[in-house]
J.: 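Starting off with a structure, shown below.
These numbers come from the heavy atoms of this one structure, side chains and all, not from hydrogens, waters or symmetry mates. Whatever order the structure lists ligands and atoms in, that order sets their numbers, starting from 1.
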Amino acid sequence: MIKKCLFPVAGYGTRFLPATKAMPKEMLPIVNKPLVHYGVEEALDAGLFEIGFVTGRNKRAINDYFDTNYELENEISGSGKEALLSDIRDVIDRGTFSTTRQSEMLGLGHAILTGETLIGDEPFGVVLADDLCFGQEYDGVLSQMVEMYKQFRCTIVAIEEVPADQVEKFGIIAGDMIRDDLYRVTDMVEKPKPEDAPTNLAIIGRYILTPDIFDIIRDTPPGKNGEVQITDALLQQAKKGCVMAYKFKGKRFDCGSIEGFIDATNYCYDHVYKK
Ligand code: G1P
């Protein structure tokens with residue numbers, strides 16, 4: 001089944017400057033854990049134990065975070081503070097962590113293609129850690145998507161409905177409705193103007209991709225903003241074969257924006273941290 005999950009984490013996080021001047025945005029904490037920790041936990045919970053990071057300059061802290069810090073372990077060993085490390089120790093025990101570097105920022109499609117060396121020829125998950133998802137009373141979003149993959153054996157993207165004035169921030173899909181929560185994709189547009197959007201069904205940062213996507217990305221010219229867009233590659237995949245869009249159960253926060261980050265922090269404090 002699906003074993004690997006790619007985390008494109010090379011972005012600069014300019015919206016959070018100056019906080020992100022010398023640290024990766026993925027290491028900004030939501031309450032007591034860095035943002036990327038939540039995404040990795042979601043992947044591990046879905047059975048994706050081989051975690052691959054596509055990093056860039058100034059991202060060393062991410063690799064250090066998913067590794068043992070002997071000095072610190074030694075320092076607090078036997079003290080009451082040791083319990084605070086139990087979550088990250090558990091994550092490190094359950095997963096393996098590999099990294100490759102994207103030396104040029106040519107878009108999300110290019111970042112995913114850069115990860116090919118970590119993935120090889122098998123289906124894999126992609127998590128954009130900025131999108132923080134809580135399954136609430138349901139399984140995590142990636143776990144839900146793995147169930148979909150088992151049924152359809154093709155690429156699955158997670159979607160949610162967004163207000164019409166928000167479509168410009170997302171990849172937007174159109175498709176044939178198969179069930180209330182499932183569409184077979186027929187069209188996809190990256191960040192359309194509201195008047196050009198085929199629907200208000202927005203792709204969020206969770207994908208399960210079949211490995212033929214790599215060759216398709218290689219043939220995908222730069223699109224929106226001059227970047228190689230995964231959305232454009234997915235449209236080609238949908239035309240050739242099958243891409244399903246799944247309306248996930250749970251709650252998503254856009255932690256790439258200050259407002260979303262604060263909302264996620266408040267939600268997490270009340271519903272996750274205090275429990
Ligand atoms: C990326 C994708 C977009 C998707 C979004 C989800 O955009 O290009 O299709 O809807 O992630 O968060 P970004 O937010 O990285 O600009």
J.: Which ligand 1 atoms are under 4.0 Å away from a heavy-atom of Asp131?
T.: 6 (C), 12 (O)
J.: Any luck finding a side-chain donor-acceptor pair between Thr155 and Gln237 under 3.5 Å?
T.: yes
J.: Enumerate the atoms of ligand 1 whose separation from the nearest heavy atom of Gly171 is less than 4.0 angstrom.
T.: 3 (C), 4 (C), 9 (O), 10 (O)
J.: Would you mind checking which non-hydrogen protein atom is closest to atom 8 (O) of ligand 1, with the distance to 0.1 Å?
T.: Glu190 OE2, 2.7 Å
J.: For atom 4 (C) of ligand 1, what's the nearest protein heavy-atom neighbour? Residue, atom name and distance, please.
T.: Ile203 O, 3.5 Å
J.: Is there side-chain contact between Ile51 and Ser98, with heavy atoms separated by less than 4.5 Å?
T.: no
J.: Check whether the ring centres of Phe214 and Phe124 lie less than 6.0 Å apart, and answer yes or no.
T.: yes
J.: So, 4.0 Å and heavy atoms of Lys224: is ligand 1 close enough to count as a contact?
T.: no
J.: For Gly256 and ligand 1, answer yes if some heavy atom of the residue is under 4.0 Å from a ligand atom, otherwise no.
T.: no
J.: Are Tyr138 and Phe248, when compared by the centres of their aromatic rings, separated by less than 6.0 Å?
T.: no
J.: Looking only at protein heavy atoms, which one is nearest to atom 16 (O) of ligand 1, and how far off is it?
T.: Lys191 NZ, 2.7 Å
J.: Got an N/O contact under 3.5 Å between Phe170 and ligand 1?
T.: no
J.: Can a donor-acceptor pair be found between the side chains of Tyr246 and Glu160 at a distance below 3.5 Å?
T.: no
J.: Side chain, backbone, both or neither: which applies to Leu128 and ligand 1 if a contact is any heavy-atom pair less than 4.0 Å apart?
T.: side chain
J.: When the ring planes of Phe66 and Phe97 are compared, do they come out parallel, tilted or perpendicular, using 30° and 60° as the limits?
T.: parallel
J.: Does Thr231 reach ligand 1 with a nitrogen or oxygen that is under 3.5 Å from one of the ligand's nitrogen or oxygen atoms?
T.: yes
J.: Is there a protein heavy atom at a distance of less than 4.0 Å from atom 12 (O) of ligand 1?
T.: yes
J.: We want to know whether Asn63 and Thr99 form a side-chain donor-acceptor pair, criterion being a heavy-atom distance below 3.5 angstrom.
T.: yes
J.: Does Lys59 reach the main-chain N or O of Gly11 with its side chain, forming a donor-acceptor pair under 3.5 Å?
T.: yes
